[in-house]
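For reference, the structure is listed below as structure tokens.
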There are 2 protein chains.
Amino acid sequence: MTGPTPRPPRRRDSAATRAALLDAARLRFSRQGFDGTGVREIAGDAGVDAALVFRYFGSKEKLYAEAVRVTAPESAEADPHRPLARLADELLHDVVYGDWRQFDGEHPVLGMLRSSGRPAVRDQLRTQLCEGYLRDFADRLDGEDAELRAELMGALLLGMGVLRSVVGSPALSEAPFDRTRTLVARMVHGLSVADPAPAPDSGPESGSGS
Amino acid sequence: MTGPTPRPPRRRDSAATRAALLDAARLRFSRQGFDGTGVREIAGDAGVDAALVFRYFGSKEKLYAEAVRVTAPESAEADPHRPLARLADELLHDVVYGDWRQFDGEHPVLGMLRSSGRPAVRDQLRTQLCEGYLRDFADRLDGEDAELRAELMGALLLGMGVLRSVVGSPALSEAPFDRTRTLVARMVHGLSVADPAPAPDSGPESGSGS
DNA sequence: AGGGTAAGTCACCGAACGCTGACCGGCACG
DNA sequence: CGTGCCGGTCAGCGTTCGGTGACTTACCCT
């Protein structure tokens, strides 16, 4: 239970060692957050001495930044003309229900939430989310509220990820994917149509924070 | 910049000191997470010695558990018969856009995300979310997917909170409340109606995680 | 006024933290 | 065969951590 790899006595290979450190860091940082993870722990998982972390990455912070940097949202850019509903469906499949075993089973953004007390992590998180995902959403919508609607769709997917992997809420964790998919499509549909549902009658007094 | 209170030499009063420690702990734990906050820091904010933390609360963990425990979701239980759209609207106003100055401006659940690497925090988080909020949603819905739909609505609100306060995404942070409210109502509406939008045509191959 | 008690402080423990520089040893090359 | 280099280890720096127990001090009651 101490390390993920049963440690074959690896040959001398700086590239492989660097990669092993990154793999271990991804798992640990995702699971336990930045502050909850020590460099000795990561190095132990990788089967090397902790000093190598500083030789290869300079500092714990730089190791973190490199470990959680996500490659690219290679989806969402193939065909710039497919409808929003289709985009949401693909992202649901690839992002929320994707294979993120490298990051302990959840999208790295969810792991970053666990370290979002650090300003540097918040910046990286905002950049990856806004420029990596939300902008593609907004480009695909028209109307003056395009960005707001894009962020609402992102909020739904993000919240689903949190409920599923962090909270482990029962229904979302166990429901068949196709059923969830249909319901998500219905919600996203509400962002596309013109005016299906007016504002709820006489809600809480609007426009004032208590 | 060291402490929030300019420290009038408070009189000896165990109840007031306990409360001051709890207030400081709420702010610090919400902002920086459990691991990113030291007991000396909290005690310094409250203007007392760190040893009092252990006298009054026993351990840092117990202080945390008591600090982030939310009183009660006193909304969502007044009238058990109002429709889902109305409930969602109220929660949007009270939870996402509520006054959580005590917790550094965000619902305590969002702060708990920042410490969700600790199993104890995850448990508390799951309990508060599932039993405090999601169950009320599900009770108000009918159909076999009541719980799943309830969690999807919760996911939307939760994701909005994350985007707004953690990520600070531009549109959600600045959009007028009434506009956001209308769009959320549309999305939630999709969870109530019978069959407005079928599943998107030929999405990614369903039922298989790669 | 005097004493008991509780509120608060102080000094300190062992462990873990991020990080550094000196050192060691296997491998490739002349 | 010798030697330089580089991947890796080791010991340890200074600091901070959560937590403990003895001590001091202010307040209340008689």
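Sequence lines set the chain letters: A, B, ... in the order given, protein chains first and strands last, and positions in each chain run from 1.
- Counting to the nearest Å, the C1' atom of D:dG21 and the CZ atom of B:F54 are 13 Å from each other.
- Considering only the side chain of B:D49, C:dC10 comes nearest among C:dC10, C:dT20, D:dT9.
- Spacing between atom CG of B:D13 and atom P of D:dC28 amounts to 10 Å, rounded to whole angstrom units.
- Among the nucleotides D:dG18, D:dT9, C:dG8, the one closest to the side chain of B:R12 is C:dG8.
- Between the side chain of B:R40 and the base of D:dT16, no donor-acceptor pair under 3.5 Å is found.
- By the 4.0 Å N-to-carboxylate-O rule, A:E61 lies close enough to A:R118 to be salt-bridged with it.
- Take the nearest nucleotide of DNA chain D for A:A50 and for B:K60: the residue whose nucleotide is more 5' is A:A50.
- The 5' end of DNA chain C is approached more closely, in terms of each residue's nearest nucleotide, by B:L52 than by the other of B:L52 and A:T37.
- The separation between A:R28 atom CZ and C:dA16 atom C1' is 15 Å, rounded to whole Å.
- Annotation: cation-pi geometry satisfied between A:R164 and A:Y97 (NZ/CZ under 6.0 angstrom from ring centroid, within 45° of ring axis).
- Whole-Å rounding puts the A:E41 CD to C:dC17 P distance at 7 Å.
- For the pair A:D89 and A:R86, the salt-bridge criterion is not met [side-chain N within less than 4.0 Å of a carboxylate O].
- When rounded to the nearest whole Å, the span between CD of A:Q32 and P of C:dA16 equals 14 Å.
- Across the interface with DNA chain D, nearest-nucleotide mapping of B:D35 and B:R55 shows B:D35 to be the residue nearer the 5′ end.
- Contact between the side-chain N/O atoms of B:T17 and the OP1/OP2 oxygens of C:dA7 is not found at any separation under 4.0 Å.
- The CZ atom of B:F57 sits 18 Å away from the C1' atom of D:dT20 (whole-angstrom rounding).
- One atom, CZ of A:F29, and another, C1' of C:dG18, lie 12 Å apart when rounded to the nearest Å.
- Between A:F29 and A:Y64, the two ring planes are perpendicular [angle over 60°; tilted spans 30° to 60°].
- Note on ring orientation: taking the six-membered ring where Trp is involved, the planes of A:Y133 and A:H107 are perpendicular (angle over 60°, cut-offs 30° and 60°).
- Atoms CD1 (A:I42) and P (C:dC17) sit 11 Å apart, rounded to a whole Å.
- Residue A:Y56 places at least one side-chain N or O closer than 4.0 Å to OP1 or OP2 of D:dG8.
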